[in-house]
Amino acid sequence: MSDSSAETSDSSNFIRDIIDADLASGKVEKVITRFPPEPNGYLHIGHAKSICLNFGVARDYGGYCNLRFDDTNPEKESVEYVNSIRRDVEWLGFSWHSNPFASDYFGQLYGYALDLIRQGLAYVDSQNADEMRENRGTLTAPGVDSPYRERSPEENLQLFEAMKNDEYPDGAHVLRAKIDMQSPNINMRDPVLYRIRHATHHNTGDTWCIYPLYDFTHGLSDAIEGVTHSLCTLEFEDHRPLYDWILDNLETPSRPVQTEFARLQLEYSLTSKRKLNMLVNEGHVSGWDDPRMLTISGMRRRGYTPESIVAFCDVIGVTKKYSTIEMGVLENVLREDLNKRATRRMAVINPIKVVIENYPEDQEEYFSGANHPQDPSYGTREIPFSREIYIERDDFMEDAPRKFFRLSPGREVRLRFAYYITCKEVIKNDAGEIESLVCSYDPESRGGSSPDGRKVRGTIHWVSARHAVNATVNLYDRLFTTANPGSAADFHQALNPDSNIVMDQAKFEPAIELVDNPLAYQFERLGYFISDYDSTAQQPVFNRTMTLRDSWAKIEQSR
RNA sequence: UGGGCCGUCGCCAAGUGGUAAGGCACCAGGUUUUGAUCCUGGCAUUCGUUGGUUCGAAUCCAGCCGGCCCAGCCA
């Protein structure tokens, strides 16, 4: 495990205020937190917020954070998810103190349940699910007591043990807390603590056929681990009285406190595991690590750095306010990080051939290009040049407006690092499509400036045809066309059909490393790119992580 | 309409009774061999709203308005 290299800012939030107060009052000596995912899916950007909060707070206050798997629902969980979660947390740069499963505590939890029964605070209910639902009441009407509510502790003990000993089928009985069927808080209307489930558990196998529920398990797991600050999302606010009830009625090694914060919501994206699962299973994306997915693994494949994700979590803050973050915020931290670290290269994604008529056929030469315009320590590389080159199709326009600074008939542009060229002729095929361009170059402009000092507005990128490496490039756009696909009745309607465009005619300069290269490139004027897992020397594949900011596109759009 | 929670600039967010930080976005300039980066300046007389307390209120009190969550043997 690596230690986090990412910085969390000292910006305050209400949770840090609480911790400051707890430390100052002596209520807490060492801050202990936990990140408690259920291993029933892959981690996404929303989890990253919780990870950064829990691990960040623990680190900043000199405490520690556990990675605890909240695995009390065996039918939905698997080791595949366990492994992916561990990998993602590590990749984000955090180290856990310990990595327990809630299922490791099943034995202790069972003991706590017996304790509750002996105190007359829990009972075995033999109603079926429908009866229970009916008797629970509604938001406005109180519930009614179960006919089994007054069973004696002895009978309950005997029945609960029989449940554990595999004497009943699924659903025959449940163990319930005996609280208050009239409570205005529905979570307090005798919540279910244990259910019978004959399922193989990824960690405990077939040891158990009864499984505790979240509400019973979570606070006790926190208490067993000595967690001081149990941070969860807003929807658990109504569960806090139950969390407290359980801890108040049982002797536990410590007394954690639950505090809730708002979960992350991001425009144009989904962060519901259920819906992400549908995207994967219905084949709308290639998998959990599809680069369009805002899963940690998808973002990693897309080319996000862990530092950019941590920076994002830092910049959005932590509050109790429901909010939706604009995509621009994520894009901004990504660009900021990538701009600093990306090695510059030239690549042409949508090529059009240019023949430089006055450049000798058998000649070639090399230009030195800086690998980073602001950081000389990145060094330089040699870029081959020859008579035939590729330029971007978008960099040529036959009838160009005045503000178009790129190539068009009769106009002169600078080839980055190389020469000035002027467009002499447009070659078209029978269908009238532009096939190639004939240009002339000014030998005096070698290196990109001319002795006469004449100005050229545009500088475009290029790749020597003779030296080019053929490659495939994946361009990505947001997966959804509406800002809040999650609220739509059917999010399928909002799926963006053009979220992945494959460009298979791309041309790379030879200095680009094609295989097993985890480092970000900036292909000048096109954006940030990373080689895909599947990239090979024979079939190079790169993913565009993010475009550059494009003020020309903005001008063009407003026309 | 029972209970819980939330409302500070287009989007986030600091602010904890002494006179509205910051980021993103946006706008206007400058530098630039990436229409990138970088730099400069602009961008809330007002904090959902109404009333009250106070010398003084985004901060305290009351009412109202708006939004979110809860009726799994999910987490």
Side-chain angles (χ1 to χ4, degrees), chain A residues 9 11-13 17 36-38 40 70-73 75-76 125 127-129 132-134 136-143 170-176 182-189 191-197 210-211 213-215 217-218 232-241 260 262 267 273-274 314-333 335-336 339-340 344 346 369-370 372-374 403-406 414-418 420 447-449 456-461 522-527 547-556:
Chain A
S9 88
S11 75
S12 73
N13 62 50
D17 290 346
E38 182 188 12
N40 67 344
D70 223 332
D71 56 347
T72 54
N73 190 6
E75 285 155 320
K76 290 191 172 174
D125 194 350
Q127 296 180 103
N128 64 35
M132 268 182 61
R133 187 181 318 117
E134 227 156 89
R136 185 157 29 234
T138 67
L139 295 179
T140 49
D170 288 5
H173 309 283
V174 292
L175 183 72
R176 288 233 251 175
Q182 270 87 255
S183 172
N185 180 350
I186 294 182
N187 294 295
M188 298 297 272
R189 317 239 262 233
V192 174
L193 268 21
Y194 268 89
R195 78 286 218 187
I196 301 169
R197 192 120 312 168
I210 57 171
Y211 290 93
L213 277 93
Y214 165 86
D215 285 306
T217 308
H218 205 88
C232 62
T233 43
L234 250 26
E235 65 269 28
F236 291 103
E237 275 176 324
D238 290 338
H239 294 242
R240 185 166 9 103
E260 311 83 11
E267 278 188 347
K273 269 188 196 168
R274 205 190 98 246
D314 201 35
V315 98
I316 58 175
V318 179
T319 68
K320 289 177 88 82
K321 191 166 91 184
Y322 302 91
S323 60
T324 303
I325 312 291
E326 290 178 342
M327 264 299 174
V329 177
L330 219 207
E331 295 175 356
N332 178 63
V333 294
R335 288 194 180 111
E336 216 169 78
N339 177 51
K340 265 180 275 168
R344 268 58 172 181
M346 290 201 291
H372 192 117
Q374 277 86 36
K403 302 264 268 185
F404 186 79
F405 301 151
R406 286 113 95 147
R414 171 167 39 233
L415 295 176
R416 170 132 243 231
F417 303 122
Y420 292 177
S449 59
V456 206
R457 282 309 288 272
T459 300
I460 64 174
H461 57 95
Q522 183 196 101
F523 292 167
E524 296 209 22
R525 303 208 307 131
L526 295 175
T547 58
L548 261 28
R549 211 175 256 114
D550 188 354
S551 55
W552 165 243
K554 218 184 279 177
I555 292 167
E556 221 180 12

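Letters A, B, ... are given to chains in the order of the sequence lines, protein chains preceding strands, and every chain is numbered from 1. Just so we're clear, the structure is a prediction, and the values are computed from it rather than from any experiment.
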Exercise. Would you say A/Arg549 reaches B/A25's phosphate, i.e. side-chain N/O to OP1/OP2 under 4.0 Å?
Worked result: yes
Exercise. Can you tell me how far P in B/G18 sits from the matching atom in B/G72, rounded to whole Å?
Worked result: 47 Å
Exercise. On a whole-Å scale, what distance lies between the C1' atoms belonging to B/U31 and B/U16?
Worked result: 44 Å
Exercise. Base, sugar-phosphate alone, or nothing: which one does A/Val174 contact when heavy atoms must sit under 4.0 Å apart?
Worked result: base
Problem set entry | B/U34 base / A/Arg344 side chain donor-acceptor hit below 3.5 Å | yes
Exercise. What's the closest nucleotide to the A/Asn185 side chain, out of B/G3, B/A75, B/G4?
Worked result: B/G3
Problem set entry | N or O in side chain of A/Ser551 less than 4.0 angstrom from B/A36 OP1/OP2 | yes
Exercise. For the pair made of CG in A/Asp215 and P in B/C70, what is the distance, rounded to whole Å?
Worked result: 13 Å
For this session: May I have the distance from A/Glu237 (atom CD) to B/C5 (atom P), rounded to whole angstrom?
Result: 7 Å
Problem set entry | Whole-Å gap separating P (B/C74) and OH (A/Tyr194) | 14 Å
Exercise. In terms of side-chain heavy atoms of A/Glu336, which of B/C24, B/U1, B/A71 is nearest?
Worked result: B/C24
Exercise. Side chain of A/His239, base of B/A75: donor and acceptor closer than 3.5 Å?
Worked result: yes
Exercise. Given the P atoms of B/A20 and B/U45, what is the spacing between them in whole Å?
Worked result: 11 Å
For this session: Before accepting this row, confirm whether a basic side-chain N of the pair A/Arg240/A/Glu260 lies closer than 4.0 Å to the acidic partner's carboxylate O.
Result: yes
Problem set entry | Atom pair distance, as rounded to whole Å: CG in A/Asn187 and C1' in B/C73 | 14 Å
For this session: To the nearest Å, give me how far apart CE (A/Met327) and C1' (B/C26) are.
Result: 20 Å
Problem set entry | A/Gln374 side-chain proximity, nearest of B/U34, B/A71, B/A36 | B/A36
Exercise. What distance, rounded to whole Å, do you find between the two P atoms, one in B/C64 and one in B/C74?
Worked result: 39 Å
For this session: Look at the side chain of A/Asp238 against the base of B/G3 and say whether a donor-acceptor pair falls under 3.5 Å; ignore hydrogens and angles.
Result: yes
Problem set entry | d(CZ, A/Arg414; P, B/U34) in whole Å | 7 Å
For this session: Give the ring-plane orientation class for A/Phe236 versus A/His239, where under 30° counts as parallel, over 60° as perpendicular and anything between as tilted.
Result: perpendicular
Problem set entry | B/G10 to B/G17 separation - P atoms, rounded to the nearest Å | 27 Å
Exercise. Roughly, in whole Å, what's the span from CZ in A/Arg335 to C1' in B/G35?
Worked result: 14 Å
For this session: Check whether any side-chain nitrogen or oxygen of A/Arg406 sits under 4.0 Å from OP1 or OP2 of B/G35, and answer yes or no.
Result: no
For this session: Grab the CZ-P distance between A/Arg416 and B/U34 for me, whole Å please.
Result: 5 Å
Exercise. Do the side-chain N or O atoms of A/Arg274 get closer than 4.0 angstrom to the phosphate oxygens (OP1, OP2) of B/A75?
Worked result: no
Problem set entry | Sugar-phosphate, base or nothing in reach of A/Leu213, heavy atoms under 4.0 Å | sugar-phosphate
For this session: For atom CD of A/Glu134, decide whether the heavy atoms of other residues, nucleotides or ligands shown that lie under 6.0 angstrom number more than 12.
Result: no
Polar atom pairs between nucleotides 9-13 of chain B and protein, under 3.5 Å, N or O only, would you list them?
{"from": "B/G10", "atom 1": "N2", "to": "A/Glu326", "atom 2": "OE1", "distance (Å)": "3.1"}
{"from": "B/C11", "atom 1": "O4'", "to": "A/Glu326", "atom 2": "OE2", "distance (Å)": "2.8"}
{"from": "B/C11", "atom 1": "O3'", "to": "A/Thr324", "atom 2": "O", "distance (Å)": "3.2"}
{"from": "B/C11", "atom 1": "O2'", "to": "A/Thr324", "atom 2": "O", "distance (Å)": "3.0"}
{"from": "B/C12", "atom 1": "OP1", "to": "A/Thr324", "atom 2": "N", "distance (Å)": "2.9"}
{"from": "B/C12", "atom 1": "OP1", "to": "A/Thr324", "atom 2": "O", "distance (Å)": "3.4"}
{"from": "B/C12", "atom 1": "O5'", "to": "A/Thr324", "atom 2": "O", "distance (Å)": "3.4"}
{"from": "B/C12", "atom 1": "O2'", "to": "A/Ile316", "atom 2": "O", "distance (Å)": "3.1"}
{"from": "B/A13", "atom 1": "OP1", "to": "A/Thr319", "atom 2": "OG1", "distance (Å)": "2.9"}
{"from": "B/A13", "atom 1": "OP2", "to": "A/Lys321", "atom 2": "NZ", "distance (Å)": "3.3"}

Exercise. If the C1' atom of B/U8 is compared with that of B/G4, how far apart are they to the nearest Å?
Worked result: 23 Å
Problem set entry | Assigned partner base of B/U40, Watson-Crick or wobble definition, under 3.5 Å | B/A28
Exercise. Among the nucleotides B/U16, B/C70, B/C73, which one has an atom lying closest to any side-chain atom of A/Asp17?
Worked result: B/U16
For this session: Answer yes or no: does a side-chain N or O of A/Thr138 lie under 4.0 Å from OP1 or OP2 of B/G2?
Result: no
Exercise. On a whole-Å scale, what distance lies between the C1' atoms belonging to B/U32 and B/C47?
Worked result: 41 Å
For this session: Measure from the ring centre of A/Trp552 to the centre of the six-membered ring in the base of B/G35, then say whether that distance is under 5.5 Å and the planes meet at under 30°.
Result: yes
For this session: Verify, without hydrogens or angle tests, whether A/Ser183 (side chain) and A/Asn185 (backbone) share a donor-acceptor contact under 3.5 angstrom.
Result: yes
Problem set entry | Pairwise P distance for B/A58 and B/G67, with rounding to whole Å | 26 Å
Seminar exercise, completed: In Watson-Crick or G-U wobble terms, with both distances under 3.5 Å, the base opposite B/A62 is B/U50
Problem set entry | Side-chain N,O (A/Arg197) to OP1/OP2 (B/C73) below 4.0 Å | no
